[in-house]
Each structure stands twice: as structure tokens, then as C-alpha cells.
Amino acid sequence: QVQLVESGGGSVQAGGSLRLSCAASGFTYRTNCMGWFRQAPGKEREGVAAIYTGGGNIHYADSVKGRFTISEDNAKLTVYLQMNNLKPEDTAMYYCAAVLPCGSWYPLAVEDYNYWGQGTQVTVSS
């Protein structure tokens, strides 16, 4: 059974940093398509960053380029999202997601992902 468990959310002031973790289990393959998404109240869920684990193929939304970094520890089946220079507009529920099996893939497309975690809240105050 595939499970994705996020952790690391919290409340910070603008300019601060947080690191989110997504621990995966139940995967059949060691290389997978995984992403981080976020959803603010009243807004649609949007892609933030994505990675093809084991292959180094990485994608970012324009709004987070240069501030967020996605990385992996493939041995632990864990994906991270390092968020620096956080802004109030980064406030949202952040979700980890996976595409299984990983074939043709639009990395930041919500509709491509078929497994989702429960989310972790990130709140940035000004």
C-alpha cells in the first residue's frame, strides 16, 4: 500500500526557512515521479516542485525558483523541500504526491498525480 507522509510544516516570519519532508512507503520501484504541491484557502492546488527520483530531473514553478529546493534521499524513499526566503504568499497547505507508475509525466500538473499525502501547513507572517 502506497503511503506518503509529510512533515516539517510550521509558522515562520517572512524571510525565514522551513524544510518539508515526505516519507514514502509501498513503492515498487526505486525511481519515481514525485512532487510538492500547495493549496491556499480559496485557491486551486498548484505545483511547486517535482523530481524524478534517482534521475535528477527537477522542475520548479516560477514563483519559487531560486528560493525552494527539492531533493531526495532515495535510499530512504524520502523527498525534501527546502524553502528559503519565505513570503506571506507562500502560506498554504503543502502536499507531497507521486505518479505511479511513472511514465509520461507533466511534473507540475496536479491531474497527473495519483497518490497524495495528507498535507502539512505552512504559514508565513509578514
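All residue numbers in this chain count up from 1 along the given sequence. As a basis for the values below, the full set of heavy atoms in this structure was taken, side chains included, without hydrogen atoms, waters or symmetry mates.
Taking CD of Gln13 as the reference point, atom OG of Ser126 lies at 9.0 Å (rounded to 0.5 Å). Between the NZ atom of Lys43 and the CE atom of Met93 there is a distance of 15.5 Å, given to the nearest 0.5 Å. For the atom pair OG1 of Thr91 and CG of Leu86, the computed distance is 8.5 Å after rounding to the nearest 0.5 Å. In this structure, Phe37 CZ and Leu81 CG are separated by 11.5 Å, a value rounded to the nearest 0.5 Å. In this structure, CD1 in Ile51 is found 11.5 Å from SG in Cys22, a value given to the nearest 0.5 Å.
Phe68 and Val124 fall within the same hydrophobic cluster, defined by Ile, Leu, Val, Met, Phe, Trp and Tyr side-chain heavy atoms under 4.5 Å apart, directly or through other members.
Residues Leu4 and Met34 come closest through the heavy atom pair CD2-CE, 3.9 Å.
Between the side chains of Ser17 and Asn84, at least one donor N or O sits under 3.5 Å from an acceptor N or O.
The aromatic rings of Tyr52 and Trp105 lie tilted to each other, with the angle between the two planes from 30° to 60°.
Environment of CD in Gln118: sparse, with no more than 12 heavy atoms of neighbouring residues, nucleotides or ligands closer than 6.0 Å.
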(request) Assess whether side chain to side chain contact (heavy atoms under 4.5 Å, CB included) is satisfied between Lys87 and Arg67, documenting all intermediate values. (result) CA-CA 10 Å; Lys87 303 176 181 180; Arg67 300 189 299 121; 3.8 Å; yes

(message) For a side chain to side chain contact (heavy atoms under 4.5 Å, CB included) check, start with the C-alpha distance between Phe27 and Val2, then their side-chain angles and the critical distance, and finish with the verdict.
(response) CA-CA 6 Å; Phe27 283 9; Val2 173; 3.5 Å; yes

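Of the charged side-chain nitrogens involved, at least one lies within less than 4.0 Å of a carboxylate oxygen, so that Lys65 and Asp62 count as a salt-bridged pair.
In this structure a side-chain-to-backbone donor-acceptor pair under 3.5 Å is present from Asn114 to Leu100.
Tyr95 does not carry Arg38 over the face of its six-membered ring by the limits of under 6.0 Å from the centre and within 45° of the normal.
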